[in-house]
2 protein chains.
Amino acid sequence: MDTLAFDRHDHRSCIAAGVAQAEAQCASAGLQFTPVRRRVLEILLAGHRAMGAYDILEVLREEGLGSQPPVAYRALDFLVSNGFAHKIERLNAFVACSHMTEDHAPAFLICRACGSVAEAEIRLERGRLGEAAAQAGFTIERTVVEAEGLCPNCAEGRGA
Amino acid sequence: MDTLAFDRHDHRSCIAAGVAQAEAQCASAGLQFTPVRRRVLEILLAGHRAMGAYDILEVLREEGLGSQPPVAYRALDFLVSNGFAHKIERLNAFVACSHMTEDHAPAFLICRACGSVAEAEIRLERGRLGEAAAQAGFTIERTVVEAEGLCPNCAEGRGA
DNA sequence: GTTGCGATGAAATAACGTAACATCTATATC
DNA sequence: GATATAGATGTTACGTTATTTCATCGCAAC
């Protein structure tokens, strides 16, 4: 489990590492890591929290990188499709992926008090839902696994 | 696993049973099972699929039971809060609960081709995410577990 | 050099959801 | 029976999230 999001750490290094990783993967896959896409990933990595598409758009707008919703949504779609970011359905928001190197089904712990989001890796298809789906003849293509509650920091009397 | 949603069955009986169950639980819990709430549950049970709040509102409007969004959202909030319906975050839509008798954490199989939704019961906190959350000191209050893919009917060459 | 494809710009609109406030109704209390 | 209270409803207005559509641009292949 990645509890990074609940602890302090050096943002600058995680931004640089994330961008570098994405850049490398795009290069080897023949994908265009364009300025807008790069910048959106940087914004997500810098925020290190779930951000709405319109939050991101506001930053892009200030920087002259785009002003209309499709600019943000298209960049986010690219990042999500290629595993560099994830959408948190419960929040209608997006986070940078924290396990870019591995192909994985993400799961999230969402703190309802401070809004921080931690990413875990989970193999749902090996669990009970996966068994049940197989039994029913259902083919799982994508999973949404999100747990909402209180992170350790907020649980200390401040969030309950 | 409940694969009911993928098979043919008698809708009338599941509507009647669901409404009766909700009515009984409201009576014993001192909750008001008002006409709008009842009707929204009937609509969800009759649809036996995920429906948007505005789909439901349209029906209510035709029947003179309300015409503004809050009417639908309030009824849906009531049904969801009391376990008679669930929200599918992935679809921004709602389904009637198919296990009203038991207190449960729901999980869903969503067919991307036909839109049908099957509900399973899952105890995520006993699985790997639960362990990880416990280890990280995270308190889970609510879970969202949704798998998207192809149901057996649609997998037969029609959806792939 | 032109064809084709993916990316971008921009306008408009669709879809989803909530805040705020007035009103009503059933029940509890006096 | 009058009145206070809490929950439910009606209505207006607005806020947030997301997509459709069409024009344009830039680059790489042929």
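Throughout, protein chains are lettered first and strands after them, A, B, ... in sequence-line order, and every chain is numbered starting at 1.
At whole-Å resolution of the value, CG in A:Leu91 and C1' in D:dT17 are 13 Å apart. Straight-line distance from the CD1 atom of B:Ile88 to the P atom of C:dC16: 14 Å, rounded to whole Å. With rounding to whole Å, B:Phe78 atom CZ is found 7 Å from D:dA8 atom P. Between A:Glu58 atom CD and D:dT17 atom C1' the separation is 15 Å, expressed in whole Å. D:dT16 atom P lies 16 Å from atom CD1 of A:Ile56, rounded to whole Å. In this structure, the CG atom of B:Asp55 is 13 Å from the C1' atom of C:dA14, given to the nearest Å. Going from atom CZ of B:Phe33 over to atom C1' of D:dT9 covers 17 Å, rounded to whole Å. Atom CG of B:Leu65 is separated from atom P of D:dA8 by 16 Å (rounded to the nearest Å).
Between A:Phe108 and A:Val95 there is a side-chain heavy-atom pair separated by less than 4.5 Å.
For B:His86 and B:His104, the ring centers are positioned less than 6.0 Å apart.
Side chain to side chain, B:Gln21 and B:Gln25 meet the donor-acceptor criterion of an N or O pair below 3.5 Å.
Between the side chain of A:Asn82 and the backbone N or O of A:Phe78, at least one donor-acceptor pair lies under 3.5 Å. Under a 3.5 Å cut-off, the side chain of B:Arg37 and the backbone N or O of B:Gln32 do form a donor-acceptor pair. Proximity of a side-chain donor or acceptor of A:Glu119 to a complementary backbone N or O of A:Ser98 within less than 3.5 Å is detected.
Residue pairs meeting the salt bridge (charged side-chain N to carboxylate O under 4.0 Å, His left out) criterion with at least one member in residues 58-78 of chain A, sequence neighbours excluded: A:Arg39-A:Glu63.
A salt bridge does not link A:Glu146 with A:Arg90: none of the charged nitrogens is closer than 4.0 Å to a carboxylate oxygen.
For B:Ser67 and D:dG10, the shortest distance from a side-chain N or O to OP1 or OP2 is not below 4.0 Å.
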Would you tabulate the pairs of protein nitrogen or oxygen atoms and nucleotide nitrogen or oxygen atoms of nucleotides 24-29 of chain C closer than 3.5 angstrom?
none

Study note, to complete from the structure: Nucleotide by nucleotide, nucleotides 18-30 of chain D touches protein heavy atoms under 4.0 Å in the pattern (B base, S sugar-phosphate only, - none) BBB----------
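Taking hydrophobic clusters as Ile, Leu, Val, Met, Phe, Trp and Tyr residues chained together by side-chain heavy-atom distances below 4.5 Å, A:Ile56 does not share a cluster with A:Tyr73.
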